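Reading through the structure tokens given below for one structure.
Remember, it's a predicted structure, so these values are computed and weren't measured experimentally. Residue numbering restarts at 1 for every chain, and letters A, B, ... go by the order of the sequence lines.
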There are 2 protein chains.
Amino acid sequence: MRDEFRADLNEIGRTLVIMADAVRSAMRRATLALLTADRTEAEEVVDRDAEIDALYRIVEDKVYDVVARQAPVASDLRVVLTALHVGADLERMGDLADHVARAALRRHPAATVPPELVDVFSRMGEVADHLAGKIAKALSESDAVAAAQLDRDDDAMDDLHRQLFKGLLGTDWPHGVEAAVDVALLGRFYERYADHAVNVGRRVVFLVTGESLPSA
Amino acid sequence: MRDEFRADLNEIGRTLVIMADAVRSAMRRATLALLTADRTEAEEVVDRDAEIDALYRIVEDKVYDVVARQAPVASDLRVVLTALHVGADLERMGDLADHVARAALRRHPAATVPPELVDVFSRMGEVADHLAGKIAKALSESDAVAAAQLDRDDDAMDDLHRQLFKGLLGTDWPHGVEAAVDVALLGRFYERYADHAVNVGRRVVFLVTGESLPSA
């Protein structure tokens with residue numbers, strides 16, 4: 001791979017790191033807003049989603065510029081276009097943080113999550129934070145090992161999601177249908193956030209090594 | 001735009017039409033499976049999702065091949081890369097049809113949708129079918145007008161989604177928490193299917209005209 005092209009890829013990677021940090025911060029604040037019914041935090045997440053969208057457009061522009069300027073050969077082309085997929089997944093993770101924040105706002109000042117599920121959501125928030133942190137690390141240090149681990153780390157989210165549904169669908173749910181619907185949709189937002197993080201991990205392995213992971 | 005490049009774009013467009021038809025058929029069958037508790041239809045949708053994923057990989061390969069072979073200039077490059085986004089949205093629409101089919105299977109032979117909501121889901125299925133049909137038409141006839149209309153057609157899905165939640169969160173929901181959670185998640189699957197269709201519509205306008213729609 002030519003030095004100039006590698007420098008361009010690194011530059012795109014740096015923008016993706018900024019995106020990953022923004023997405024991480026958004027979900028951290030959204031979780032805080034959800035669990036403490038903090039209106040200011042929730043509004044901040046909603047307001048700042050446009051910044052994440054704007055970063056995605058910057059990534060797109062940089063990728064188009066590199067492809068047009070460098071005319072990379074087939075394998076290098078695949079690598080640089082991978083950045084588009086990473087950007088798209090990160091953008092979607094930002095949307096999901098926004099959805100969590102909006103769910104918190106919809107019930108404010110009441111709590112959206114019943115007390116006995118605060119712990120599960122708190123842990124879902126931790127796993128989400130861990131996944132986004134690993135993406136930023138993998139991108140900034142070209143660390144394919146960290147990126148490949150995201151696949152395994154997602155299992156923790158799946159376990160929490162199952163635990164959530166067990167609580168929800170037990171015979172003694174006392175909070176009514178509206179709370180159940182909120183909790184089910186929120187659970188899905190965290191699960192999808194983790195799914196996108198796993199996608200990013202697989203793409204980042206390719207971005208930094210040029211090699212694909214075997215299919216899951 | 002050069003003739004050869006235009007021919008390549010048309011070829012990619014034909015593969016996207018096949019994908020759009022497959023995705024349309026998947027959601028039609030998934031809705032039928034959901035509303036009639038038809039196990040065979042549901043299993044067919046789940047089994048055939050891999051075909052849609054494979055079509056997406058074919059689109060990706062074709063796009064990479066065209067970019068590497070033709071080295072399109074900046075504006076043409078943007079147009080051809082748009083096909084990647086269209087493919088990704090269609091692939092996700094296929095996943096959502098798969099989710100609907102799996103929801104039907106999970107409760108089989110019981111019905112997943114309570115009788116009074118069959119009509120709403122039936123109409124959501126019709127809107128989904130209409131949207132996917134319009135995508136196929138817009139792609140196969142390079143019809144930017146049809147593509148641009150998807151934005152408006154999505155309003156019908158949003159109305160049905162609101163109606164669904166009104167039924168769900170009324171004071172007299174007699175079907176318990178489990179059915180409520182199923183219905184809420186199913187509603188979201190149809191809504192997301194329509195959102196992706198709108199994304200595709202915006203991209204197809206660009207693919208066939210090289211012009212962006214104003215932001216929504």
Side-chain angles (χ1 to χ4, degrees), chain A residues 50 53 56-57 60-61 63-85 87-89 91-92 95-96 99 106 164-165 167-189 191-192 195-196 199 212 215, chain B residues 50 53 56-57 60-61 63-85 87-89 91-92 95-96 99 106 164-165 167-189 191-192 195-196 199 212 215:
Chain A
D53 298 347
Y56 177 41
R57 283 192 293 275
E60 280 194 302
D61 286 343
V63 167
Y64 295 153
D65 175 62
V66 170
V67 174
R69 200 157 35 75
Q70 301 267 9
V73 295
S75 60
D76 285 359
L77 178 66
R78 277 182 182 267
V79 171
V80 67
L81 291 183
T82 294
L84 290 182
H85 292 288
D89 276 309
E91 193 262 341
R92 189 69 202 137
D95 287 345
L96 291 161
H99 291 356
R106 231 178 354 254
L164 189 69
F165 269 76
L168 197 56
L169 302 180
T171 47
D172 51 353
W173 176 261
H175 307 289
V177 165
E178 188 162 2
V181 166
D182 276 345
V183 162
L185 290 175
L186 281 165
R188 185 155 174 87
F189 298 153
E191 189 207 18
R192 292 294 303 150
D195 287 346
H196 284 286
N199 285 349
S212 295
S215 284
Chain B
D53 297 348
Y56 178 40
R57 282 190 295 274
E60 280 193 302
D61 286 343
V63 168
Y64 294 153
D65 175 63
V66 170
V67 175
R69 200 160 34 76
Q70 301 267 9
V73 295
S75 61
D76 286 358
L77 178 66
R78 278 182 182 267
V79 171
V80 67
L81 291 183
T82 294
L84 290 182
H85 292 288
D89 276 309
E91 193 260 343
R92 188 71 202 137
D95 287 345
L96 290 160
H99 291 356
R106 235 182 346 259
L164 188 69
F165 269 76
L168 196 56
L169 301 180
T171 46
D172 51 352
W173 175 261
H175 306 289
V177 166
E178 188 162 1
V181 166
D182 276 344
V183 162
L185 290 175
L186 282 165
R188 184 154 174 86
F189 298 151
E191 189 208 18
R192 290 294 302 151
D195 287 345
H196 284 286
N199 286 349
S212 295
S215 282

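- Scanning all heavy atoms of the two residues, the minimum distance from A:Val181 to B:Ala180 falls at CG2-O, 4.0 Å.
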When you look at A:His85 and B:Glu60, which way does the side-chain contact (heavy atoms from CB on, under 4.5 Å) test go after all the steps?
CA-CA 12 Å; A:His85 292 288; B:Glu60 280 193 302; 3.1 Å; yes

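- At a 4.5 Å heavy-atom cutoff, A:Asp182 makes no contact with chain B through either its backbone or its side chain.
- In terms of heavy-atom pairs under 4.5 angstrom with chain A, the leader among B:Leu84, B:Val73, B:Leu185 is B:Leu185.
- Residues A:Phe189 and B:Arg188 meet the side-chain proximity criterion, which asks for heavy atoms closer than 4.5 Å.
- Options B:Val183, B:Val63, B:Leu169 differ in how many heavy-atom pairs under 4.5 Å they form with chain A, and the most are formed by B:Leu169.
- When all heavy atoms are compared, the tightest approach of A:Val177 to B:Trp173 is CG2-CD1, 3.5 Å.
- Between B:Ala68 and A:Leu77, the shortest heavy-atom contact is N-CD2, 4.0 Å.
- When the candidates B:Glu178, B:Arg69, B:Arg78 are compared by the number of heavy-atom contacts under 4.5 Å with chain A, B:Arg78 comes out ahead.
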